Amino acid sequence: MGTLDYLLQGFGTALVWYNILFAFVGVLIGTAVGVLPGIGPMSGVALLIPVTASITGGLPPEQAATSAIILLAGVYYGAMYGGSTTSILLNTPGESSSVVTTLDGYQMAKKGRAGSALSIAAIGSFVAGIFTLIALIVMAKPLSNVALKFGPAEYFSLMLLGLGAVSGLAGKSVTKALIMTVSGLLLGTIGIDNVSGIARFTFDVPWLYQGIEFLTIAVGLFAVGEVFKTILEKEEEDGEIARINNMLPSKEEFKESAAPIARGSILGFFVGILPGAGATLASFFSYLLEKKVSKNPSKFGTGAIAGVAGPESANNAASGGAMIPLLTLGIPGSGTTAILMGALMMYNVQPGPLLFEDHPQVAWGLIASMFIGNLMLLILNLPLVKVFAKIIETPKKYLIPMIIAISIFGVYAVQVSTYDLLLLLACGVLGYFLSKNDYPIAPLVLGLVLGPMIENNLRRALTISNGDYTVFLSRPISLIFLIITLLWLVVPFLMKRRGKEVIINVEG
């Protein structure tokens, strides 16, 4: 069967009525998640995993996995759309990859061009989403064929690269990011060892034998941590919402934003493929690129439409690009894709080179649903811009109980354990103190998800080579990954030594 046949089968799966509904609900919730400051795609996806598990409970395993991942992926790329709304209207980024959009988007809104900015953000996101999907279809199969040639040594080095990339580019301090990565890896060792059957770090507590559930940690650190932050820190009152006058951009604005959308889509896609780079980095690079190529760079920061079109296209393209290493190599490129990977594994679907062979329904159904989801987002976002602007006004006193209720219900539904609820609250307090002291949380979640896989591949590689550690250096692909990992960690350190600050927040 050719790629086109598989894609048509994927559309057959995605166009089943309940999968269309799942895609619609996913993108709708995703947009709301993006609009609400502080929740972000990671928390949104983590919160919804248990909800999808209970909704898809009656379906056969393969269908349940497909429907669940369609909904969760919808939340992921929907949040990338929604994040621009608050950035433009309120100067408040809905999630980290929309930080750059505030620079020109809010200035446009203050000049009464909010409608143009929001429309261009939606159109740019749509174009980037479609471009990414075409690239995903073209590259997914060849990449998974290359990945089939990977042995345990290559996988170990590749996963190390994923961890190193997030650690090297997260927060203001590389040291703090590395501390968080190692903490995640240590948490991943708790439980009964798969190979020897020996209990590790369980302190004879039966509850710890099955290991620590990544969902409890993720929801606790992100969602509940944000709740504690809101309660404990009396934040300043939100800014005035700018008036939305003309809803569609002028011909001149369309002309000005066409090239930035194209550049942002291409740049974002390739940045998204890099493990750990993420949408924040893509939008950051895109803004710098637009300023560089602009004939009038002084316009940036005062309401240049290219400063909205480029970064918004880039962060959407990056979220699609991050799906490639997840689906073809089994390597999550960002915190959100790490949570998506955990969700797939809950359904006994292992992302990686064999995904397209063993579970074509899941892989191609997801790709086809992303086409449909992107179209839904465009149709949703243009008329509903004014409605979503109202979500911003939700009082915190209603928002906080909702987040707590969803968090507790979500974790209890999956684990059915009061110990997990206590861990959830403890992680919430910990998440608050970590973010307050600028300890990035994404590397910890990534370490927890990748830790057991790194350990298994390390053991397998050493078993094959009879304990010879040079196996990681003697295999060319493995050596290349290790060198890139080293550079990823050393370059920011050297830049700091020269007095340059490296502040790139990896969230999306």
Side-chain angles (χ1 to χ4, degrees), residues 1-30 41 45 48-49 51-80 126 129-145 147 272 316 319-330 332-333 336-337 339-377:
M1 274 175 80
T3 303
L4 194 63
D5 296 322
Y6 277 119
L7 186 61
L8 288 171
Q9 276 195 1
F11 272 106
T13 303
L15 289 168
V16 176
W17 70 267
Y18 54 82
N19 283 339
I20 292 176
L21 186 64
F22 278 126
F24 178 73
V25 170
V27 297
L28 190 67
I29 292 172
V45 173
L48 281 171
I49 289 174
V51 180
T52 52
S54 53
I55 295 171
T56 58
L59 295 171
E62 190 90 347
Q63 279 180 21
T66 310
S67 299
I69 202 69
I70 282 173
L71 192 148
L72 295 172
V75 175
Y76 179 28
Y77 54 87
M80 295 297 163
F126 174 74
I130 298 301
F131 168 79
T132 313
L133 282 165
I134 293 166
L136 179 61
I137 291 161
V138 172
M139 292 177 71
K141 212 76 169 102
L143 257 176
S144 60
N145 289 339
N316 261 273
S319 68
M323 290 300 225
I324 285 191
L326 173 72
L327 297 176
T328 59
L329 305 174
T336 316
T337 45
I339 293 170
L340 284 173
M341 180 173 174
L344 278 171
M345 287 162 75
M346 270 172 59
Y347 288 95
N348 291 324
V349 174
Q350 177 67 54
L354 294 171
L355 177 70
F356 287 84
E357 302 295 323
D358 296 348
H359 304 280
Q361 184 189 344
V362 177
W364 291 104
L366 170 63
I367 290 170
S369 81
M370 286 169 79
F371 266 110
I372 297 160
N374 268 290
L375 195 60
M376 284 176 178
L377 276 168

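Values in this document were obtained by computation on a predicted structure and should not be read as measured data.
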request  = Drop me the distance from I69's CD1 to L326's CG, to the nearest 0.5 angstrom.
outcome  = 7.0 Å
message = Show the nearest heavy-atom pair for residues E62 and D358, with the distance to one decimal.
response = OE2-O, 4.2 Å
ask   = With side chains defined as the heavy atoms from C-beta onward, is the minimum distance between M370 and L366 less than 4.5 Å?
value = yes
key: Residues, nucleotides or ligands: over 12 heavy atoms within 6.0 Å of F24 CZ   = no
inquiry  = Within this structure, what is the OG1-CG distance for the pair T13 and L8, rounded to the nearest 0.5 Å?
reply    = 11.0 Å
ask   = Would you say L344 and V362 make side-chain contact, with heavy atoms under 4.5 Å?
value = yes
key: Minimum-distance pair of heavy atoms, taken over all atoms of S369 and I70   = OG-CG1, 3.4 Å
request  = Locate the shortest heavy-atom distance separating M341 from G330; write the atom from each residue and the value.
outcome  = CE-O, 3.1 Å
Sub-4.5 Å side-chain heavy-atom contact between F22 and I55 = yes
inquiry  = Give me each pair satisfying side chain to side chain donor-acceptor pair (under 3.5 Å) with a member in residues 64-75, each pair once, sequence neighbours excluded.
reply    = N19-S67
message = Can you tell me how far apart CG (L136) and CD1 (I367) are? Round to the nearest 0.5 Å.
response = 4.0 Å
task = With rounding to the nearest 0.5 Å, note down the distance linking OG1 in T132 to OH in Y77.
result = 11.5 Å
Closest approach of A79 to P41 (non-hydrogen atoms, all atoms of both residues) = CB-CB, 3.8 Å
query = Any side-chain heavy atom of Q63 sitting closer than 4.5 Å to one from Q361?
reply = yes
query = So which heavy atom on I49 is nearest to which on A343, and how close?
reply = CD1-CB, 3.9 Å
message = Is it true that T56 and Y347 share a donor-acceptor pair across their side chains at a distance under 3.5 Å?
response = yes
request  = Indicate, with yes or no, if the rings of W364 and F356 have centres closer together than 6.0 Å.
outcome  = yes
key: Non-hydrogen side-chain atoms of I339 and Y76 separated by less than 4.5 Å   = no
ask   = Roughly how far, to the nearest 0.5 Å, is CG of L375 from CD1 of I372?
value = 8.5 Å
query = Do the side chains of M139 and T328 get nearer than 4.5 Å, heavy atoms only?
reply = no
remark   = CG of L48 to CG of L71, rounded to nearest 0.5 Å, is 6.5 Å
ask   = Does the side chain of M376 reach to within under 4.5 Å of the side chain of I20, using non-hydrogen atoms?
value = yes
